[in-house]
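Quick one: the structure is below, questions incoming.
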Amino acid sequence: MQTETKAAFARRHGVNRSTVQKWQDKGLLVIAPDGMVNVEATEWNLDQRPAKYRGGTPHRPVRTVPRDVRTIPQEARAGPQGGPQTEEEPEGGLLIVLAALVGIVGKISAEAAVASGASMRVAYALDSIMTVHLWSEAERLLGIPPGNVSGFEMMVDRRIVHPDWNDLAAQADEPVDIDVWDAFVAAHPMLQPPSA
């Protein structure tokens, strides 16, 4: 079984860490016992989404009918919960404003943390925590059921603004250590999937 960190998985798919966290919240991300992403099982789950809702760089074409169910990783057989909604992104309006706010809240939180004297791992965690939790709350207010895929997810993903981590680390007088920060975020209780 091939595994990798959430950050590496996000980089390979061309999405941000918050999107990977949302995939985990929606049951698409399969976590191995060592806390790493089970690549094959997660790729299977992501591939089952319609191309319109995949986000990032597709791994391979959608496999609608598996040739042999024994080749599908057990963890991925259930697939994502719910189905995609078909709304298109509007040209303007409140949804875009809401998506933009969700996209910027993490950056603002990280910058405020460093300006207030917090460590870089706290700033890095706040970037994910604030984005993921506001994103979930926005989906709840929009009536998107938990676990469902929607066009709003893609709207937010395109609007995520990342802090300048090098600049923030310099302000905090700390070295840049993404691996340590990622490990802290991966273990943070506010970013664990909801228990069933």
Side-chain angles (χ1 to χ4, degrees), residues 1-63 66 71-82 84 99 102-103 105-107 110 120-121 123-136 139 146-150 152-163 165-166 176-195:
M1 166 177 56
Q2 178 188 356
T3 61
E4 63 187 8
T5 66
K6 288 180 191 176
F9 193 79
R11 280 190 298 274
R12 195 164 47 76
H13 278 272
V15 297
N16 60 73
R17 291 176 298 105
S18 299
T19 298
V20 171
Q21 185 64 45
K22 286 298 290 181
W23 288 344
Q24 181 176 346
D25 292 348
K26 291 179 181 207
L28 297 168
L29 202 69
V30 179
I31 303 298
D34 63 359
M36 304 281 273
V37 176
N38 176 330
V39 174
E40 180 61 25
T42 300
E43 296 290 3
W44 174 264
N45 282 345
L46 293 175
D47 290 348
Q48 300 317 295
R49 301 170 71 184
K52 176 179 174 180
Y53 294 106
R54 285 191 210 167
T57 305
H59 177 256
R60 55 189 163 228
V62 173
R63 295 175 278 182
T71 65
I72 305 169
Q74 178 64 37
E75 305 92 323
R77 289 185 190 165
Q81 299 171 358
V102 172
V105 71
K107 177 182 186 290
M120 282 304 297
R121 68 182 197 157
Y124 197 78
L126 278 174
D127 176 55
S128 290
I129 291 167
M130 294 303 295
T131 301
V132 168
H133 284 272
L134 183 59
W135 195 341
S136 294
E139 287 180 342
N148 278 18
V149 177
S150 72
F152 185 68
E153 179 177 323
M154 290 178 20
M155 290 173 68
V156 172
D157 187 59
R158 284 193 297 266
R159 288 168 176 80
I160 297 288
V161 179
H162 297 287
W165 295 114
N166 293 326
V176 174
D177 196 340
I178 300 289
D179 291 336
V180 167
W181 303 343
D182 276 334
F184 182 71
V185 168
H188 200 286
M190 290 189 74
L191 292 171
Q192 300 308 308
S195 45

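Just the heavy atoms: all of them, side chains too, but no hydrogens, waters or symmetry mates, feed the values below.
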Open item on the list: Does Ile31 form a side-chain contact (heavy atoms from CB on, under 4.5 Å) with Leu29? I'd like the steps, not just the answer.
Closed with: CA-CA 6 Å; Ile31 303 298; Leu29 202 69; 3.8 Å; yes
Open item on the list: List the residues meeting side chain to side chain donor-acceptor pair (under 3.5 Å) with Thr131, not counting sequence neighbours, and say none if there are none.
Closed with: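 With sequence neighbours excluded, Thr131 shows a side chain to side chain donor-acceptor pair (under 3.5 Å) to no residue whatsoever.
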Task: Evaluation steps, salt bridge (Lys or Arg N to Asp or Glu O under 4.0 Å), between Glu43 and Arg12 - done: CA-CA 11 Å; Glu43 296 290 3; Arg12 195 164 47 76; 3.0 Å; yes
Task: Over all atoms of both residues, closest heavy-atom pair of Ala32 and Met1 - done: CB-CE, 3.9 Å
TODO: Take Lys26 and Glu139 through the side-chain contact (heavy atoms from CB on, under 4.5 Å) test and state the conclusion after the steps.
DONE: CA-CA 12 Å; Lys26 291 179 181 207; Glu139 287 180 342; 3.5 Å; yes
Open item on the list: Looking at every non-hydrogen atom in both residues, tell me the closest pair between Trp165 and Ala123 and how far apart they are.
Closed with: CH2-O, 4.0 Å
Open item on the list: Within the structure provided, determine whether Leu46 and Phe9 are in side-chain contact (heavy-atom separation under 4.5 Å).
Closed with: yes
- [ ] Would you give the length of the straight line joining atom OG of Ser128 to atom CH2 of Trp135, rounded to the nearest 0.5 angstrom?
- [x] 10.5 Å
- [ ] May I have all residue pairs that pass side-chain hydrogen bond (donor to acceptor under 3.5 Å, both in side chains) and include part of residues 181-190, sequence neighbours excluded?
- [x]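 Checked against side-chain hydrogen bond (donor to acceptor under 3.5 Å, both in side chains) - neighbours excluded - the pairs reaching residues 181-190 are Tyr124-Asp182.
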TODO: Verify, without hydrogens or angle tests, whether Thr42 (side chain) and Val30 (backbone) share a donor-acceptor contact under 3.5 angstrom.
DONE: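 Checked: pair present.
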Open item on the list: Check whether Glu153 reaches the backbone of Trp23 with its side chain - one donor and one acceptor, N or O, closer than 3.5 Å.
Closed with: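 Judged by distance alone, no pair lies under 3.5 Å.
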- [ ] Would you check if Lys107 and Pro163 make a side-chain contact, meaning some heavy-atom pair closer than 4.5 Å?
- [x] yes
Open item on the list: Could you check whether Arg17 pairs with Asp127 (Lys NZ or Arg NE/NH1/NH2 to Asp/Glu carboxylate O, under 4.0 Å)?
Closed with: yes
Task: Short side-chain to backbone donor-acceptor contact, His133 and Leu191, under 3.5 Å - done: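 Absent.
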Task: Partner set under side chain to side chain donor-acceptor pair (under 3.5 Å) for Thr19, not counting sequence neighbours - done: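 If we apply the side chain to side chain donor-acceptor pair (under 3.5 Å) test to Thr19, skipping adjacent residues, the hits are Asn16, Asp157.
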- [ ] Look at Glu4 together with Arg11 and state whether they make a salt bridge at an N to O cut-off of under 4.0 Å.
- [x] no
Task: Thr5: side chain to side chain contact (heavy atoms under 4.5 Å, CB included) partners, not counting sequence neighbours - done: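 Expected list: Ala7, Ala8, Met36.
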Task: Between CE on residue Met120 and CG on residue Leu126, distance to nearest 0.5 Å - done: 11.0 Å
TODO: Quick one: list whatever passes side chain to side chain donor-acceptor pair (under 3.5 Å) with Gln2, sequence neighbours left out.
DONE: none
Task: Residues that Lys6 engages under salt bridge (charged side-chain N to carboxylate O under 4.0 Å, His left out), provided they are two or more places apart - done: none
Open item on the list: Is any side-chain heavy atom of Ser136 closer than 4.5 Å to one of Lys22?
Closed with: yes
